[in-house]
Enquirer: 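Pasting in a structure now, in structure tokens, and then I'll have a few things to ask.
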Amino acid sequence: MAYVGFVGLGVMGQPMALNLARAGTPLVVWNRTPTRCEPLYAAGAKVAGSPAEVFDRADDVVFLMLADETAMDSVLGRGTPDFAARVAGHTVVHMGTTSAEYSGSLQDDIRSAGGRYVEAPVSGSRLPAEQGQLVGMLAGDTDAVEAVRPLLAPVCQETFGCGAVPGALLMKFSVNLFLITLVTGLTEAFHFADRHGLDQNLLRNVLDAGPMASAVSRVKAPKLVSRDFAVQAAAADVLKNNQLIAEAARKAGLASPLLDICHALYDETVARGHGGEDMVAVLHALDARTEAAAPPGALTPPTEDDT
């Protein structure tokens, strides 16, 4: 049996790995918090005791869905004598979000050690991950990309080739720039309506009926109406993505004014303790700015006595 490795079973990684297991992919998995492996074990996956064991048992492909560059290097043993032995003969698939520069240097190191490397970031949050409806972006050597692509069928509704590394990460940055500004604008619209005493359910219905409705607005608007901040895409992760995109923009000499104001708002959201909540928790930053700026009684909904 040819095992596929999967390391990183967080908010996104766990449902992605579960879809692979349920589709019949023989998996060997590992996660820093062992309890996250339990649903995979119940779905038939083998649970490794360490990242090294995942590489030992995987025949070729190992998916990494990890939080950051430090976690990536730790799992790979990068910078230690274990690195070359771990990655040699394997195709390492980087599905998380890191800087483009990091990805390029990692590719060089993996190639030098006798392995292959594919960037495969995905667009979508927890719900599409659970439904196997993510959108995958792939970059790397053509043979490696084509070997990985069919494995992603239970995870992604569609995959797109993005050329050489770091093309896939830069494509994801472009997509996420639109997502971040879109959701922040949607949240500000609901904040505006709320502070003018409008029926937010009515706003939701008007938006849904018009040309500006999208799959994103139809998921996020109900959360704004009910102030449901249960995580689908965490505000702290959005801030991290915002920082990476802003850094890429600065290095290329690009203006990014909308992204920059979103960066400030998500930084304030996380600083206020809402980093573990959904990205619509940026509403807290908008509320705080309004309370700080508005004079007493300004823009408060009318009462019965006022009518």
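These figures come from a predicted structure and were not determined experimentally. This chain uses plain numbering: 1 for the first residue, then up along the sequence.
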Enquirer: Taking atom types as modelled, is there a side-chain donor on Arg250 or Ser256 under 3.5 Å from an acceptor on the other?
Expert: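 Short answer, yes.
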Enquirer: So which atom in Thr98 and which in Asp68 form the shortest heavy-atom distance, rounded to 0.1 Å?
Expert: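 The pair with the smallest heavy-atom distance is CG2-C, 4.4 Å.
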Enquirer: Any side-chain donor paired with an acceptor under 3.5 Å for Lys172 and Ser123?
Expert: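 The answer is no; no qualifying pair exists.
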Enquirer: When rounded to the nearest 0.5 angstrom, what is the spacing between CG in Leu244 and CG in Leu170?
Expert: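 It comes to 11.0 Å.
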Enquirer: In terms of side-chain heavy atoms, does Ser105 have a donor or acceptor partner in Arg78 at a distance below 3.5 Å?
Expert: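 On atom types as modelled, these side chains qualify, holding a pair under 3.5 Å.
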Enquirer: His90 vs Phe55 aromatic rings, parallel, tilted or perpendicular, using cut-offs 30° and 60°?
Expert: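 Geometry flag for Phe55 against His90: perpendicular rings.
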Enquirer: Tell me the closest heavy-atom pair linking Ile110 and Arg116, and the distance in Å.
Expert: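 Closest heavy-atom pair between Ile110 and Arg116: CG2-O, 3.6 Å.
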Enquirer: Considering non-hydrogen atoms only, spot the tightest contact between Leu259 and Thr181 and give its length.
Expert: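 In terms of heavy atoms, the two residues are closest at N-CG2, 4.2 Å.
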Enquirer: Verify whether one side chain among Glu119 and Ser103 offers a donor that lies under 3.5 Å from an acceptor in the other.
Expert: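 Side-chain D/A pair, Glu119 to Ser103: present.
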Enquirer: Cut-off 3.5 Å, no hydrogens considered: what does the side-chain donor-acceptor table look like for residues 272-286, sequence neighbours left out?
Expert:
residue	atom	partner	partner atom	Å
His274	ND1	Glu277	OE1	3.2
His274	ND1	Glu277	OE2	3.2
Glu277	OE1	His284	NE2	3.3
Asp278	OD1	Lys220	NZ	3.0
Asp278	OD1	Gln232	N	2.9
Asp278	OD1	Ala233	N	3.0
Asp278	OD2	Lys220	NZ	2.9
Asp278	OD2	Val280	N	3.3

Enquirer: Just checking, any donor-acceptor pair under 3.5 angstrom between side chains of Glu69 and Ser99?
Expert: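 Side-chain D/A pair, Glu69 to Ser99: present.
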Enquirer: To the nearest 0.5 Å, what is the distance between CD1 (Ile261) and OG1 (Thr184)?
Expert: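 Rounded to the nearest 0.5 Å, the CD1-OG1 separation comes out at 9.5 Å.
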Enquirer: What's the separation between atom CE in Met65 and atom CZ in Phe6, rounded to the nearest 0.5 Å?
Expert: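 Those atoms lie 7.0 Å apart.
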Enquirer: Counting only heavy atoms not in Lys46, do more than 12 fall under 6.0 Å of its NZ?
Expert: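 Not more than 12 within 6.0 Å, no.
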Enquirer: Report yes or no: do His191 and Thr290 form a side-chain donor-acceptor pair below 3.5 Å?
Expert: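 His191 vs Thr290: donor-acceptor pair found between side chains.
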